[in-house]
Amino acid sequence: AQQRAAALEDRLFALLAQDGQTLRFEPPMPPESVRRLTDAMVRANGARCAVFAGQDGAWHYAMADRDGDLRGLTKRLNAALQGRGGGKPFFAQGSVSASRAAIEAFFRERGE
């Protein structure tokens with residue numbers, strides 16, 4: 001049942017990724033699902049992307065960039081939005097304690 005649920009979720013994520021969004025907000029979901037949706041988005045779009053799942057004040061996030069280095073962005077995100085997390089140059093994940101509006105403003109100010 002878990003494998004079937006994961007396979008169905010992957011199909012849904014592939015469909016969602018086709019809309020070209022690079023910043024996506026979703027209802028609460030496990031961090032592993034956030035990672036898989038982010039993977040689907042970067043595969044579909046090739047552009048830097050980020051997914052935040054949760055609600056105001058408690059978001060899990062994942063960011064991916066096939067050709068870039070996210071470490072600096074991740075540090076700035078965590079500092080600005082009371083976050084924790086990190087990762088590799090091309091993929092980062094963690095959590096932030098901020099509103100959706102604050103997250104959107106963070107990316108808008110940086111032209112992301």
- Task: Not counting sequence neighbours, which residues clear side-chain hydrogen bond (donor to acceptor under 3.5 Å, both in side chains) with Asp56? List them please.
- Result: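 Asp56: no side-chain hydrogen bond (donor to acceptor under 3.5 Å, both in side chains) contacts found.
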
- With sequence neighbours excluded, residues passing side-chain hydrogen bond (donor to acceptor under 3.5 Å, both in side chains) with Asp65: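 So Asp65 forms a side-chain hydrogen bond (donor to acceptor under 3.5 Å, both in side chains) with Arg48.
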
- Of all residues at least two apart in sequence or in a different chain, which pass the salt bridge (Lys or Arg N to Asp or Glu O under 4.0 Å) check with Asp19?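 Checked Asp19 against salt bridge (Lys or Arg N to Asp or Glu O under 4.0 Å); matches are Arg24.
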
Between side-chain atoms of residues 82-101 and protein atoms elsewhere (two or more places apart, or another chain), which donor-acceptor pairs fall under 3.5 Å?
unit_1, atom_1, unit_2, atom_2, d
Ser99, OG, Ala102, N, 3.0
Arg100, NE, Glu104, OE2, 3.1

Suppose we screen for side chain to side chain contact (heavy atoms under 4.5 Å, CB included). Which residues come up paired with [X], at least two apart in sequence or across chains?
{"X": "Ala44", "result": "Ala17"}
{"X": "Arg66", "result": "Val42"}
{"X": "Ala105", "result": "Arg108, Glu109"}

- Query: When rounded to the nearest 0.5 angstrom, what distance separates CZ in Phe107 from CG in Leu81?
  - Reply: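 Those atoms lie 8.0 Å apart.
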
- Item | Pairs satisfying side-chain hydrogen bond (donor to acceptor under 3.5 Å, both in side chains), at least one member in residues 7-17, at least two apart |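 Matches after skipping sequence neighbours: Glu9-Ser33, Glu9-Arg36, Asp10-Arg36.
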
- Query: Backbone N or O of Gly72 within a donor-acceptor pair of the Arg76 side chain at under 3.5 Å?
  - Reply: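 Looks like yes, one N/O pair under 3.5 Å.
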
- Run through the side-chain heavy atoms of Ile, Leu, Val, Met, Phe, Trp and Tyr, join any pair under 4.5 Å, and report what else lands in Leu37's cluster.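 Hydrophobic cluster check, Leu37: joined to Leu12, Phe13, Leu16, Met29, Val34, Met41, Val51.
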
- Run through the side-chain heavy atoms of Ile, Leu, Val, Met, Phe, Trp and Tyr, join any pair under 4.5 Å, and report what else lands in Leu8's cluster.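 Cluster partners of Leu8: none, it stands alone.
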
- Looking only at heavy atoms, what is the nearest atom pair of Asn45 and Gly20, with distance?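 In this case the closest contact between Asn45 and Gly20 is OD1-CA, 3.5 Å.
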
- Message: On a heavy-atom basis, which atom in Ala53 and which in Pro27 lie closest, and how many Å separate them?
- Response: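 Shortest heavy-atom separation between Ala53 and Pro27 comes out as CB-O, 3.5 Å.
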
- Task: Could you list all the ring pair (Phe, Tyr, Trp, His ring centres under 6.0 Å) pairs where at least one residue sits in residues 60-84, not counting sequence neighbours?
- Result: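 Of all non-adjacent pairs touching residues 60-84, those that pass ring pair (Phe, Tyr, Trp, His ring centres under 6.0 Å) are Phe52-Tyr61.
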
